[in-house]
Q: 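Dropping a structure here in structure tokens format, bear with me for questions.
This structure is a prediction, so every number in the text was calculated from the model and none was measured. Residue numbers run from 1 in the order of the sequence given. These numbers come from the heavy atoms of this one structure, side chains and all, not from hydrogens, waters or symmetry mates.
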Amino acid sequence: MENNHTNWSQSVTGVVINNGKVLLARHTYGAGKGLLIVPGGYVEYGELPQQALKREYLEETNTVIEPKNIIAVRFNAHDWYVAFRAEYISGEAVSDNDENSEVVWLAVEEALSREDVADLTKKLIRCALDDQSGLTPIPYYGSQKNGKGYLYGVSSFQQKSLLETTLNTRELGGYLAESGLYTRKGVLFRSDFIRNPNEHDITYLKENKITTIIDMRGADAAQTAPSPFAQMERFQYYHVPIEEGGSIPESVAAVPLSYLKIAQAANIYQVFRYIANAPEGVLFHCAAGKDRTGVVSAILLLLAGVSDKNIIDNYMLTKECNQKRFAALREKFPETDINIVIPCEDYMVQFLQLFREKYGSAEAYLQAIGITNKEIMQLKGKLLE
């Protein structure tokens, strides 16, 4: 859509591929008249490129999409044009009968071979297919003089633990929520067991005001290897034994259900209550920071309105962080099916499906386990900027 608020030097587009088909619109004007192209348009003054792309898709195709990675940039001395890979969310694709005369889902192979698909569109489709990383959004907290800024960059770095003495200490900050806000940085940390924190780690936690430690390991594990934070000055330590998730499921198929059982553990409510009422930041952990910690993290991010894709991405980082742990497990227990232990995207996909079928939403779940509305608001306050 073009009006007197249009910034003619900034434009966006996005490639939406769903179930092997790409969404295209037949253009009705300009150089692309009569051709099928990826929808997009000009950015309005005061609008971010991501917002512009979502608006353009809704106006032109009646679909709701979510911009993800940047896959291409075209620019000259006068203007720039950014292309995103975007995820289809909902809506029946319908033409606006103005800027386009039809909207179609085409098989990717067909789109790349048809003569009535614009050449630039074909190049962008190939970018979306060939580059599975692209430039990804990176949490960025620079000067707010011109409003919130967004930084996109390559993400081929190796994920590292935030602590020197653990493998899998990470935070829940920096994820975009459906409200347009980002999850708060430096407030909620997820981790594996911190057996012997060194001076650097203790100082790091104190300086970042992570002063509440919630230990979800089973009773036997906590007795065999007591947490050093239980007797440490400045830290408030809580042991909430979640026995579910403390052993390896019987099969790959049993993993998602085992995650639901963790969410239904008799005392899981204590974890969320301690987080809600903590005076400062919180670190919660189990043994490997994978299953029990992964379920709590998923529910918290779901409460914040973070997309399933980002919830799954957060879960899957454990696979990278725990490589040494998984290698040791293979060597020590060669008879164990390692696929049961190593995080798999489908485990979290199925858990989220089971969770929604049972509870509908994270808020309804928290209410069901006894968390008060006040505490739910406190959790949201810790989660979102």
Side-chain angles (χ1 to χ4, degrees), residues 7 9-27 31-32 35-43 47-61 63-76 78-91 93 99-100 103-114 117-140 148-157 159 174-176 180 182 306-310 312-314 316-317 345:
N7 185 341
S9 65
Q10 300 178 5
S11 55
V12 293
T13 190
V15 179
V16 175
I17 297 176
N18 188 46
N19 294 324
K21 295 184 177 182
V22 60
L23 184 57
L24 301 177
R26 194 174 299 281
H27 217 42
L35 296 178
L36 288 168
I37 65 172
V38 281
Y42 289 101
V43 179
E47 189 176 45
L48 293 168
Q50 305 98 305
Q51 296 170 331
L53 184 60
K54 293 172 72 171
R55 172 181 53 76
E56 288 286 346
Y57 257 85
L58 188 59
E59 291 174 353
E60 295 183 9
T61 72
T63 59
V64 177
I65 58 101
E66 182 62 39
K68 295 297 182 180
N69 304 343
I70 292 176
I71 56 173
V73 179
R74 184 191 68 186
F75 54 86
N76 56 39
H78 303 288
D79 57 38
W80 56 253
Y81 172 79
V82 174
F84 289 84
R85 179 188 296 110
E87 177 184 354
Y88 169 76
I89 303 298
S90 64
E99 296 187 14
N100 63 73
V103 174
V104 295
W105 287 100
L106 284 185
V108 169
E109 296 79 4
E110 181 181 355
L112 292 174
S113 64
R114 283 177 55 155
V117 175
D119 182 61
L120 176 59
T121 287
K122 291 179 180 179
K123 293 182 185 297
L124 293 176
I125 293 172
R126 290 191 178 97
C127 286
L129 292 171
D130 294 343
D131 183 4
Q132 293 304 311
S133 57
L135 300 180
T136 59
I138 299 171
Y140 173 63
K148 181 182 289 293
Y150 291 85
L151 176 67
Y152 283 73
V154 294
S155 58
S156 58
F157 63 91
Q159 179 71 34
Y175 289 100
L176 180 64
Y182 275 84
V306 172
S307 69
D308 285 10
K309 172 68 166 58
N310 282 335
I312 294 165
D313 286 349
N314 177 270
M316 289 301 296
L317 285 174
E345 289 186 7

Q: Which residues satisfy the side chain to side chain donor-acceptor pair (under 3.5 Å) test with S9, sequence neighbours excluded?
A: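 For S9 the side chain to side chain donor-acceptor pair (under 3.5 Å) partners, ignoring immediate neighbours, are N7.
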Q: List the residues meeting side-chain contact (heavy atoms from CB on, under 4.5 Å) with K309, not counting sequence neighbours, and say none if there are none.
A: K68, E87, S307, D313
Q: Any chance you could measure E59, atom CD, to E99, atom CD, to the nearest 0.5 Å?
A: 7.5 Å
Q: Can you sort out the partners of A25 under side-chain contact (heavy atoms from CB on, under 4.5 Å), two or more places apart, ordered by chain and number?
A: P39, N100, V103
Q: How would you list, by chain and number, every residue that makes a side chain to side chain donor-acceptor pair (under 3.5 Å) with K54, sequence neighbours excluded?
A: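 Partners of K54 under the side chain to side chain donor-acceptor pair (under 3.5 Å) test: E66.
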Q: Indicate the atoms forming the closest heavy-atom contact of V306 with Y175, along with that distance.
A: CG2-CB, 3.9 Å
Q: Could you tell me which non-hydrogen atom of Y182 sits nearest to which non-hydrogen atom of G174, and how far apart they are?
A: CD2-O, 3.3 Å
Q: Using modelled atom types only, decide if a donor and an acceptor are shared between the side chain of Y57 and the backbone of A86 within a distance under 3.5 Å.
A: no
Q: Just to verify, what does I17 make a side-chain contact (heavy atoms from CB on, under 4.5 Å) with, not counting sequence neighbours?
A: V15, V22, V108, A128, L129
Q: Would you please name every residue forming a side chain to side chain donor-acceptor pair (under 3.5 Å) with D79, sequence neighbours left out?
A: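 So D79 forms a side chain to side chain donor-acceptor pair (under 3.5 Å) with N76.
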Q: Any chance you could measure I37, atom CD1, to E60, atom CD, to the nearest 0.5 Å?
A: 7.0 Å
Q: Tell me, do V117 and L112 make a side-chain contact under 4.5 Å, heavy atoms counted?
A: no
Q: When rounded to the nearest 0.5 angstrom, what distance separates CZ in R74 from NZ in K123?
A: 12.5 Å
Q: I need the full list of side-chain hydrogen bond (donor to acceptor under 3.5 Å, both in side chains) pairs touching residues 18-27, with sequence neighbours left out, sorted by first then second residue.
A: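 Sorted result for residues 18-27: R26-E102, R26-D116.
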Q: Give the minimum heavy-atom separation between L106 and L36, together with the two atoms involved.
A: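 Heavy atoms of L106 and L36 come nearest at CD1-CD1, 3.9 Å.
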Q: Walk me through whether L23 and Y88 qualify under side-chain contact (heavy atoms from CB on, under 4.5 Å).
A: CA-CA 9 Å; L23 184 57; Y88 169 76; 5.6 Å; no
Q: Who passes ring-ring contact (aromatic ring centres under 6.0 Å, His included) against Y81, sequence neighbours left out?
A: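 In terms of ring-ring contact (aromatic ring centres under 6.0 Å, His included), with neighbours along the sequence ignored, Y81 is linked to no residue.
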Q: Kindly say whether V38 contributes a backbone atom to a donor-acceptor pair with the side chain of T121 at under 3.5 angstrom?
A: yes
Q: Applying ring-ring contact (aromatic ring centres under 6.0 Å, His included), can you list everything that pairs with W80, at least two apart in sequence or on another chain?
A: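 ring-ring contact (aromatic ring centres under 6.0 Å, His included) list for W80, sorted by chain: empty.
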Q: Report the residues that fulfil salt bridge (Lys or Arg N to Asp or Glu O under 4.0 Å) with E345, sequence neighbours left out, ordered by chain and then residue number.
A: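 Per chain and number, E345 pairs via salt bridge (Lys or Arg N to Asp or Glu O under 4.0 Å) with no residue.
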Q: What's the spacing between I70 CD1 and C127 SG if we round to 0.5 Å?
A: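 SG of C127 is found 12.5 Å from CD1 of I70.
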Q: For T61, what residues pass the side chain to side chain donor-acceptor pair (under 3.5 Å) criterion, not counting sequence neighbours?
A: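 If we apply the side chain to side chain donor-acceptor pair (under 3.5 Å) test to T61, skipping adjacent residues, the hits are T63.
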Q: Can you check side-chain contact (heavy atoms from CB on, under 4.5 Å) on Q50 and L176, steps first, answer last?
A: CA-CA 12 Å; Q50 305 98 305; L176 180 64; over 6 Å; no
